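Structure first, commentary second.
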Protein chains: 2
Amino acid sequence: MRRDSRLSRMLHVLIHMDRIDGAATSDRIAQMLGTNPVVVRRTMAGLRDGGYVHSEKGHGGGWVLTRPLSEITMLDIHRALGNPELFAISVAVDHPECLVEQAVNSALGSAFDAAEQLLIDKFASVTLADLADEFDQRMAKITTKPTCELV
Amino acid sequence: MRRDSRLSRMLHVLIHMDRIDGAATSDRIAQMLGTNPVVVRRTMAGLRDGGYVHSEKGHGGGWVLTRPLSEITMLDIHRALGNPELFAISVAVDHPECLVEQAVNSALGSAFDAAEQLLIDKFASVTLADLADEFDQRMAKITTKPTCELV
DNA sequence: CATCTCGCAACAACAAAAGTTTCGAAATCC
DNA sequence: GGATTTCGAAACTTTTGTTGTTGCGAGATG
Ligand code: FES
Ligand code: FES
């Protein structure tokens, strides 16, 4: 089962977007992510619909943030990506009438619900500005700055 | 992405196994789960290697529990299934050098670690006997017992 | 008007899980 | 001993969802 890494990737991209001048084209972002521009547009479409970024056509066009990082949480982005399923495991409903199955699924379900709530709360509590700060701290700590031709 | 329901299914099966006389054949279990016996053997193989069930060939053969439900936790079965990945979401490592990516992944990673710990703890705290008790309580509550030709 | 860039739809490639087929080996029944 | 039941394991096919690709259209810029 290939695991979804869109949230991680989009957070990475958005923070970079905040630090560069002008718009970031889908092409450039695709290079950053080792993918292609169509996939980028597909993924960014949700963020655009959520009002976090704006896209502009033509020369000098591309993607720009429409609000400060401090006003975007990790949860916002997760939701903008369509609230993707968090867990790789689910309960089976082979015999909905079976009380054994119901007992099992109720125990499993409540465990997953609690874990999901914990994740959602954590996501809601972290803004992209927090992540950018964390980045700055890491940057201040090291002496040899890594160079990246893409940002 | 089809989600893994082996844990839920195996818990269901094991509790039924505790309540029936004699061994349960792969064929019968497959009918319960709406699948086929080869898939059942494949899945049960982990539980056999973990020492939770035993398989017997020939007439009257099949699968039997090798220890009481009170000595098996949900976590045991999860592990016996090969510790399958819990989350459908993972972090991307496109640019391991990139401090932005590192900051993002560290925040995401710690959230997932906490959620995983919560789940594991919960799994460890519930024995199959607890689930069987829960089943008995549900059974006592209803008046019209569902009939199932498979158990 | 040439070029850049996104938007969208259709199609292909890929990966992982599940299902199927087939054979073999061990246990039981007669 | 021979037929039958049942698991064990390997090889193969099917299915399903994601990702990647191609192609065309539309709007913006120079
Ligand atoms: S399968 Fe649980 S009752 Fe038939
Ligand atoms: S992509 Fe984050 S630095 Fe190059």
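Residue numbering restarts at 1 for every chain, and letters A, B, ... go by the order of the sequence lines. Keep in mind the model is a prediction, meaning the values are calculated, not measured.
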Let me know the distance between CD of B:Glu85 and P of C:dA17, rounded to the nearest Å.
-> 11 Å
Hey, does the side chain of B:Ser55 come within less than 4.0 Å of D:dG8's phosphate (OP1/OP2), counting only N and O?
-> yes
When rounded to whole Å, the CZ to C1' distance for the pair B:Arg9 and C:dA17 reads 11 Å
Roughly how many Å is it from CG in B:Asp4 to P in D:dT16, rounded to a whole number?
-> 17 Å
Do B:Asp121 and B:Gln117 have a side chain donor and acceptor closer than 3.5 Å?
-> yes
Ignoring the backbone of A:Lys57, work out which of D:dG23, D:dG27, C:dT22 is nearest its side chain.
-> D:dG27
Would you tell me if any nitrogen or oxygen in the side chain of B:Thr25 comes within less than 4.0 Å of OP1 or OP2 on D:dT6?
-> no
Of all the choices, C:dC8, D:dA26, D:dG8, which nucleotide is nearest to the side chain of B:Arg41 once you look at every atom?
-> D:dG8
Phosphate-side-chain proximity, B:Ser26 and D:dT6, N/O vs OP1/OP2 below 4.0 Å | no
So, is A:Asn36 close to the D:dG20 phosphate, meaning a side-chain N or O under 4.0 Å from OP1 or OP2?
-> no
Rounded to the Å, how far apart are B:Met10 CE and C:dA17 P?
-> 16 Å
Regarding the side chain of B:Trp63, the nearest nucleotide among D:dC7, C:dT3, D:dT21 is D:dC7
When the distance from CG of B:Leu81 to P of C:dA17 is rounded to whole Å, what number comes out?
-> 13 Å
Rounded to the nearest Å, what distance is computed from the CZ atom of residue B:Arg3 to the P atom of nucleotide C:dA16?
-> 19 Å
Hey, is B:Asp113 close enough to A:Lys122 for a salt bridge, meaning N to O under 4.0 Å?
-> no
Just how far, in rounded Å, is P of C:dC6 from CG of A:Asp27?
-> 7 Å
Has the side chain of B:Arg42 got a donor or acceptor atom sitting under 3.5 Å from an opposite partner on the base of C:dG19?
-> yes
Could you give the CD-to-P distance, from A:Glu56 to C:dC6, as a whole number of Å?
-> 10 Å
Between B:Asp49 and B:Ala80, is there a donor-acceptor pair closer than 3.5 Å when you use the side chain of the first and the backbone of the second?
-> no
Taking only the side-chain nitrogens and oxygens of B:Arg48, find out if one of them lies under 4.0 Å from OP1 or OP2 of D:dA9.
-> yes
